Every structure is written in C-alpha cells, then in structure tokens.
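A note on names: the letters A, B, ... follow the listed sequences, proteins ahead of strands, and every chain is numbered from 1. Since the structure is predicted, the reported quantities are computational estimates derived from the model, not experimental observations.
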2 protein chains.
Amino acid sequence: MKTLIIVSHPEIDNSYTQQFLKRGTELENVTWHELAVNQPIDVEIEQRLLAENDRIIFQFPLYWYSSPASLKNWQDEVLSSHLDLSDKHLGLVISTGLPAEAYQPGGEVGFSLAELTKPFQALAKKFAMNFLPILPIYQFGYQTDREKMAQLINYQRYLTQEPIESLTAKIEWFKSRLAALNSEASTLNLLINELSTEQDRLADLQQTLAMIKMEED
Amino acid sequence: MKTLIIVSHPEIDNSYTQQFLKRGTELENVTWHELAVNQPIDVEIEQRLLAENDRIIFQFPLYWYSSPASLKNWQDEVLSSHLDLSDKHLGLVISTGLPAEAYQPGGEVGFSLAELTKPFQALAKKFAMNFLPILPIYQFGYQTDREKMAQLINYQRYLTQEPIESLTAKIEWFKSRLAALNSEASTLNLLINELSTEQDRLADLQQTLAMIKMEED
C-alpha cells in the first residue's frame with residue numbers, strides 16, 4: 001500500500017511540527033508532498049500522484065477551523081468528478097494550537113474536529129473513498145520528548161499500517177518496524193514497551209474470550 | 001445597518017446566478033464586494049470594510065462542500081484574532097448545483113449545509129458574531145421566473161432586514177420596500193401577495209392568542 005502525504009502549510013520550513021513529522025516519513029512507499037503557496041498547480045502531475053497511491057493523507061494545521069487556502073486551492077484545481085479514487089483511503093493529520101479540550105461543546109472552539117471536517121468526509125463519500133479516523137496533533141510544541149516520540153510512532157503507523165484497526169495488525173506493524181529498525185535505544189525501548197502492552201492486552205482478551213466460550217458451552 | 005457581501009466565485013462574470021443576484025443588490029447600505037482570484041489582497045482595505053459594516057455575508061457556490069479557495073485565502077490573509085467583529089452578523093448565501101434533497105443523510109451528498117458549514121459557525125463563535133440562518137439557493141438555473149423573483153426578494157430581505165425573525169419585522173420590511181418601489185407590476189403584485197399572506201397569518205395568530213387569553217382568564 002502506497003501513501004501520499006499532501007502537506008498544506010503556509011510556512012512549512014518554519015514549522016517545528018511539520019519538520020519533526022517530515023523526518024518520520026522516510027519510510028518505504030511513503031511520499032511527502034508539500035503544496036507550494038501561490039504557485040500554479042500542474043494538474044496532470046497531481047492527478048498522477050493520486051492514481052499511483054492508495055492512501056491519501058491531507059496534513060495541515062487548522063486555520064480558521066479548516067485547512068489553509070493552499071489545500072482548498074489544490075482541491076478546486078485538481079479534483080474532478082471524473083477521477084477514480086474509489087476504495088482509496090483518505091486520512092487527515094491535523095495539528096492544532098489549542099488543546100483537545102477546546103474541540104468540544106462548551107470548549108473554546110465549541111466544535112469537534114469530526115464536525116469541522118465534514119467537507120472532507122463528504123469528499124470521501126463522493127469518491128467512494130474509505131475515510132480514516134482523523135489523527136489529531138494537539139499543541140505539539142508543548143509535548144515532552146517522550147510524548148513526541150510516541151506521537152511520531154502513531155503517525156508512522158497511520159501512514160503505513162494496513163488500515164485494519166485490530167490488535168493483530170498493530171502488533172504486526174510493530175514487529176515489522178522492529179525488524180527494520182536501525183535506530184537509537186530510546187525509540188527501540190519505546191517500541192518494545194508499546195509492543196508488550198499490546199501483547200498483554202491481547203492475552204487478556206483471549207483469556208476473557210476463552211472464559212465466555214466456556215460459559216456458553 | 002450596513003451590509004457587506006463578500007462574493008467568492010472563480011468565474012463571477014460567467015455565473016448566471018451571481019449576476020442575477022448582483023442586480024438585486026443595488027440597495028441602500030449594501031456593498032457588493034467580489035474577491036479577485038489569484039490577486040494579492042490589501043489587508044488594510046478589507047479590514048476597514050469589515051469595520052464599516054454590521055452584517056457580513058459570505059456568498060459563494062459550494063465547491064467541494066466548502067467555499068471556493070478565494071474565500072479561504074481571504075480568511076487566512078485578512079482575519080486576525082485581534083479584529084473586533086463582536087455583535088456583527090455573519091450570513092452565508094450558498095448556491096448549489098444539487099437539489100435540497102441531496103443535503104441530508106441518505107441523500108447524494110449525505111451532509112446538510114448546516115453540517116458542512118461548521119467552520120463558518122466556529123468562526124462566528126470565535127469573534128462573538130451573530131450567525132444568521134444560512135440562505136441556500138438550490139439549482140437556481142432550474143427555477144421558474146416566479147421562483148427566481150421570490151428568491152430575489154428573500155435574498156434582499158436577508159441583506160437588509162433587521163435580523164429579528166418576526167412577522168412584524170417581515171411586514172415592516174415589505175412595507176418599506178413597497179414604498180421605495182418603482183418597479184414593474186409583476187414584482188409589485190408578488191410583494192403585495194406576500195404581504196397579504198403575512199397579514200392574514202398575523203391576524204390568525206392574534207385571534208388564537210386572544211382565544212388562549214380568554215381561556216386563561
């Protein structure tokens with residue numbers, strides 16, 4: 001499965017969040033694609049990129065509760081109802097300046113990211129794409145180093161994991177990442193920790209299942 | 001109350017709907033303001049326009065379930081959290097290529113205009129603006145002449161009526177328009193019809209009220 005990350009940010013080079021995430025995208029079958037601001041778009045190239053990839057990610061900071069203008073411009077120029085995007089996956093990686101609590105009724109924004117992104121959900125529906133759960137990145141700059149690493153791993157999983165949200169898929173992903181890893185010890189430890197947590201949870205679930213099964217027999 | 005209509009359409013000159021509506025905006029205290037496409041924005045002029053008007057209307061055709069890029073670009077460039085827009089009114093005039101039935105669960109789009117415009121609602125909330133009910137214009141090209149005229153009157157009311165949704169306000173508006181009218185007979189008849197319907201409804205309501213009051217006494 002090939003992934004295209006379409007990044008919309010008016011000042012990508014100065015964005016700490018985007019640069020941090022970018023370093024995490026040097027993965028097999030993942031293409032980092034920045035949208036230029038106020039530059040003409042080559043529609044043919046963009047449409048070819050869409051055709052070549054199975055998972056399309058729109059990645060952007062929330063600007064006035066939506067994407068920056070460059071992504072809207074890209075949509076208006078590149079998308080056409082004749083495009084065949086069916087069965088591709090559409091994901092959103094959204095960074096915000098406010099904490100998660102702001103995005104709920106009664107919060108500072110008062111609307112959830114799920115509500116604010118209805119136009120993208122309608123887009124996925126229109127093209128018969130599979131809309132992935134949004135990956136929010138709240139106040140990245142305020143996170144601890146450990147949180148940032150965990151966020152990065154989550155992000156990499158979002159980009160590359162087979163989109164089946166099961167424990168088995170998660171563990172398979174962690175295993176393959178471990179095998180491919182040639183990294184410093186802290187990341188390795190973090191991955192191993194996450195992996196054992198998932199395996200414990202799986203063991204618990206299997207035990208519960210066995211008990212339920214016994215009671216049913 | 002002064003009204004600013006910010007029109008975002010990639011091809012305004014070729015849009016039958018926009019040209020028809022534009023002819024209806026030659027009203028006192030109403031400013032028609034087209035956003036240029038791919039032109040630099042003079043932020044100072046735009047912010048002054050916002051300051052000078054009490055009712056701000058975003059008018060656009062639905063493009064990929066949102067506004068065209070020119071309006072998003074305008075938002076990104078012009079809006080700043082330091083602007084004082086509190087107690088101003090924010091309205092949306094949205095034209096669509098699909099009928100009203102498309103904009104509901106199970107419909108072709110599957111999302112309502114109220115859902116798709118959450119980012120605008122969040123904007124109004126942020127600036128403590130009064131968010132007006134959306135004025136949708138579904139498939140304007142398919143409407144009969146009579147429906148178009150009714151739509152135009154509705155539109156003019158949206159632009160100029162005091163934003164109190166009461167029968168009295170409606171009737172006051174119709175009366176003042178009648179007094180100002182210097183128009184052909186068909187429009188006049190339409191206005192008079194609408195006015196008498198409203199007055200009948202008001203009389204009915206007053207009678208009902210009187211009956212309820214009697215019963216209470």
*asked:* Check for me whether the distance between the ring centres of Phe20(A) and Phe140(A) falls short of 6.0 Å.
replied: yes
*Contact winner vs chain B - Leu62(A), Leu71(A), Leu116(A), heavy-atom pairs under 4.5 Å*: Leu116(A)
*Under 3.5 Å: donor-acceptor pair, side chain of Asn53(A), backbone of Leu49(A)*: yes
*Does Phe131(B) offer a backbone N or O that forms a donor-acceptor pair with the side chain of Gln121(B) under 3.5 Å?*
no
*Sub-3.5 Å donor-acceptor pair from the side chain of Asp42(A) to the main-chain atoms of Glu44(A), do we have one?*
yes
*chain B heavy atoms under 4.5 Å from Tyr103(A): which part of the residue, side chain, backbone, both or neither?*
neither
_Contact origin within Tyr63(A) toward chain B - heavy atom pairs under 4.5 Å_ = both
*Is a side-chain N or O of Lys88(A) found less than 3.5 angstrom from the main chain of Leu50(A), in a donor-acceptor match?*
yes
*Tell me, for Ser67(A) versus chain B, whether the close heavy atoms (under 4.5 Å) come from the side chain, the backbone, both or neither.*
backbone
*chain B interface, residue from Phe111(A), Trp74(A), Trp64(A), Phe120(A) that has the most non-hydrogen pairs under 4.5 Å*: Trp64(A)
*Counting only N and O atoms by type, is there a donor-acceptor contact under 3.5 Å from the side chain of Asp84(A) to the main-chain atoms of Ser86(A)?*
yes
*Looking at Lys125(B), Lys126(B), Gln75(B), which makes the most heavy-atom pairs under 4.5 Å with chain A?*
Lys125(B)
_Contacting moiety of Glu77(A), where chain B heavy atoms sit under 4.5 Å_ = neither
